[in-house]
Structure formats: C-alpha cells, structure tokens
Amino acid sequence: MKINVLEYLDEAAAAAPGKTAFSDGADGLTFAQLYGAARSIGTFLAKRGLSREPVVVFMPKSPQTVAALFGVVCGGCYYVPLDDETPRLRVEMIFEKLKPRAAICVRETRDMIKSLGGGCAVYDYERAAHTKPDGELLEWIRGGALDTDPVYTVFTSGSTGVPKGVVANHRSVIDYTEALSGALGFDGETVFGNQAPLYVDACLKELYPTLKYRAVTYLIPKKLFMFPIKLTEYLNEHKINTICWVPGALTMISGLGALEKKPPLHLRTVAFGGEVFPMRQLNMWRACLPETRFFNLYGPTEATGMSCCFEVTRDFAHDEALPVGKPFRNTAVLLLDGDRPVTAPGETGEICIRGASLTMGYWGDPERTGAAFTQNPLTSAYPELIYRTGDIGRYNERGELMFVSRRDGQIKHMGHRIEPGEIETAAMRLDGVTAACCVYDEAHRKIVLYYAAPEELKLSALASHLRACLPGYMIPHAMTRLDAMPRTPNGKLDRALLKSGLNNDHRTEDAVNGRTAGDTARVAT
Ligand code: AMP
C-alpha cells in the first residue's frame, strides 16, 4: 500500500524513464526528466530550511509546473498552485492568509510576487530545477513523511469573500487516484487531454494516474477551448483517447457543430463532472461516439476531487436527469436530514461523504472546517468525520444517487465553483457601491449582479474594478444598478425577489422595479 504520492513518480521513472509524461504538444518532460527536476527542486527547498509548510507554485500551465508541484512534495512541503492569470487581489488575499515563506515562479510571474512584500522568498523555477539532487537528504525527508501529511492546498471560492484553502493529504490523494483509475479503467495506453487548470483539484484526474500507469498527459492550451474545430483537431493530432472535462468544455464542441465537422477519432473514455451535463448535449456526444464510454463524476474539492461515478450505459430522454451513480471504492455517501438518515425511497437529504478521501479541512480556518466536517451522527462510539456537501440528493428507483440541487446559493458555472458572496464582496469594495447581490440565471447560464450605488457611479468603473479583483470566470455577465436593494420583512437582502427579476433578459422588472429604479447592462467578458 502506498503511503506517499511520490512512490508513483519513483516507480514511473524507474519503469519508463524515456517515455513522455507531460507535454503541451510542443514541449514535454519524460518521466526521468520529471523525476530529476522534482528531486532537484525538493533539494533546493529543503536546503533553504523549508519543511512541512506551504510553498506557492505560481507558474503558467506547463510540464515544468507539474515538475514544480512534485518538487515541493519531494522537499517535504505541500504545494499551493496559483495560475499566472490569477488577479492580483486574489493572490494578495491568499498570501495574506497563508503567509508563505517561499514561492516558485518564472519570469512572467516573479514581479507580482516580489511586489507583494511580506517576506516570501521568490525562487526561479530554472534555478531550483537545476540544483544537484541530494539523495540522502531527500531520503531522510521521505522517511519522516506520513500519509496524513498534506500534499497540496487549493483555493476555492469562499462565501465571505475570502477564498478557502482545502488541504488534501497523501492518503486522500492516493485513495482517489486508485478509486478513480479503477472505475474509469485507465491503463498504460491512456493518452489524457487535460483541460482543468493546475490550480484546482480537477487536474488530479490526470496528474497521478499518468504516473501510476506511465501514461501521457497533453496539457491542452487554454486558447483552444474557444475554437472547437481546432480543439478536436488537437485531440486527433495527439491521439488523445481519454478526457475528463467540465461539461461546458464538451458542450462547446457539441453545441457548435464540431462533432460532425471534425469528430474526435480516438476518444474511448469521456468523463465529465463538476456540474450537470445537459442531456441533449450528452446524447449528441453518445450518438457521435457510440463506442466511447461516458462517465458522470460527482464530488467536492473537500473530498479530494470526485466521490461518485455513473457510467452512462443506458439511454436517457432529453428531459431526464443523469444519476451521479455510486460512491467510489472506499468512499461512502450518507443522505441526511440534519442528523437523521433519509431512508424513504425518493426522499431527499443532504449528501454527506465519509472515507479516506476526505481532506483535512480548510487551511487556518477551524471554524468553517468544524461546520462542514462534522462527527458522523450515525455513530457516537468513536470519532469519525463526514463532510457535509451542501448538496441535496436522493436515490432513484434503481438505487442510484441523483444530484437534486444546492442547499445554498453556490453557483456552478463552466465547471467553476463560485460563491456569490465573493463577487458581492468584491463589488462592495468599490467606493459608492453600498450593497450587492449576485444570482445565477440557470436558464441562460449567466451570472447576474445587482448592486446599489448612486447614478453617477459608472457601470464601466464597476466592471473594470471587478476584472481587477476576480478571475475571468467570476465576472458577471449582466449587472443591474438599483437605488436600493429589496429587503425581506426581517431586513435581509431579498435574493428570491431579485432572482425572480431575472426573466426578460436580465432587466429589472415588475417586483424589483416596484421598489427601486435601476439601469441594466451586459458586461463584455
Ligand atoms: P468543486 O468543489 O468545485 O468540485 O464543486 C463541488 C460541487 O459541484 C458539488 O458539491 C456539487 O454541487 C457540484 N457538482 C459536482 N459534480 C457534479 C455533477 N456531476 N453533477 C451536478 N453537480 C455537480
């Protein structure tokens, strides 16, 4: 049984040193090169006195970034991946929380980290990756590591406006890697096409199985996800046979006719998850690729990637919902109504997860960790944590788990998890904005922001302010100014009322206009 994720890397480098492990299509690293660079980086960090602490990897997506992630683990630390497109304010908030002592950067990202101040040493990737590895030191570090030590902290959207850092350990990553690989049938012939950014846990689907099976991952350039034909050409050129993408990336291909014009020729496994895949689009994919296996994956970052899986082997009508299936091996799902198990067929309850795949909670946030990771109410004989997802689920008549809805207002847009509170807090940071409420228009798949501000406050000023604070996927598609926000009788922001004003092309109408005057604009994103 593995106790350290680096065992995957050791074995791959020994068994297939010359085989390409990660490539962006032009530039790649073999398993031996990956192993060598990771050990160099590990030595570099350990010799600077870093140990069991977060090390930020602030690099654009590339095979070298993957080496940096493993390098941090080799050095006995855990990685915190950030993307070069992460807006400065978000980076500042993450640094403010973590207070990291070290960051690995490249030329494009170095200046931003340096300008943050705060005592974080900025190390150049090339320099670290060319350090002479110290085998004895690395062995000593490995010898002291436990499978309960962290591997990474990834930041997800937080409802208070501050991103939450989810801490995963070796045990949870190994458990997930083994369970996912078994369920989806990865092997040595697998050629992954990666879509997920390296700063979210979704990329685990490729990172560790690539090592486990000495497979290969192509890190698909982000810009191709705007050009469906070029994207499927890329898949064909590299004979990519396995993709685990967010539904939005797949529907971009099916919705724009690329499946007929340039069908992917080699795909044998298509997995998707993170949000509901529209059935009509899924049926288009299945009709085009009848030999391909399709999987719906479901799970939260807090349980290390995905927790449940459903292989689509029967037909579904366009208006039917797709099950999320069954939990992975060594994972269990409880449906709870508060602390009471839900047992009646069809009855809904909160989806709660238990098992080795549970992460350790939120970095430096015992309060929110304690609220989401709680004692399993079905036993009081010994301590056992469950993670309360905030998702409502039920079992169908076949005993398959169905995702019904979110309990709170969390938005899932293009596979990204977005807490409306984070957008609202960002909006309210702008002088003049006195209140903000962000809702999701499911029908049009658009994020809509209502904000209270004086007429003089230009919408363009708010739009550019938000662009400076938030990642692109969080920028609202429409923004409506109100003189004052509608409130419920007990003074709370009336979200339901604002949401009901979403009809008619995002114009504030009827109920909302009855109380407030406003203007609306769409935002070019
Ligand atoms: P994240 O932590 O960003 O992966 O988001 C986890 C949340 O995404 C879950 O709690 C669900 O609300 C949603 N989600 C994940 N997978 C699915 C799926 N297959 N179908 C519907 N919603 C999903």
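First listed ligand is number 1; within each ligand, the first listed atom is number 1.
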For T301, atoms of ligand 1 separated by under 4.0 Å from a heavy atom: 1 (P), 2 (O), 3 (O), 4 (O)
Centroid-centroid distance, Y218 to F22, less than 6.0 Å: no
Proximity to ligand 1 by part of D391, non-hydrogen separation under 4.0 Å: side chain
Axial cation check for Y8 ring with K212, 6.0 Å and 45° limits: no
Per-residue contact class, F403 against ligand 1 - non-hydrogen pairs under 4.0 Å: side chain
Pair F272 and F277, ring centroids less than 6.0 Å apart: yes
Part of N296 with heavy atoms under 4.0 Å of ligand 1, whether side chain, backbone, both or neither: side chain
Identity of the nearest option to atom 17 (C) of ligand 1, non-hydrogen atoms only, from G274, G325, S307, P323: G274
Proximity to ligand 1 by part of H416, non-hydrogen separation under 4.0 Å: neither
Closest candidate by heavy atom, reference atom 20 (N) of ligand 1, pool E275, R407, M402, R417: E275
Distance from atom 19 (N) of ligand 1 to nearest protein heavy atom, with residue and atom: L297 O, 2.7 Å
Aromatic ring proximity, centroids under 6.0 angstrom, H413 and Y440: yes
Residue part near ligand 1, for K412, under 4.0 Å between non-hydrogen atoms: side chain
Carboxylate-amine/guanidinium proximity below 4.0 Å for R293 and E311: yes
Carboxylate-amine/guanidinium contact D83 K61, below 4.0 Å: no
R340 and E350 ion-paired at < 4.0 Å: no
Within-4.5 Å side-chain heavy-atom neighbours: P300 and S307: yes
Numbered atoms of ligand 1 (with element) below 4.0 Å of P300, judged on heavy atoms: 2 (O), 6 (C)
Contact atoms of ligand 1, heavy-atom distance to G299 under 4.0 Å: 4 (O), 6 (C), 15 (C), 16 (N)
Ionic contact status for E384 with R354, cut-off 4.0 Å: yes
Atoms in ligand 1 flagged as close to R406, the criterion being non-hydrogen separation under 4.0 Å: 10 (O), 12 (O)
Those atoms of ligand 1 less than 4.0 Å from some heavy atom in V276: 20 (N), 21 (C)
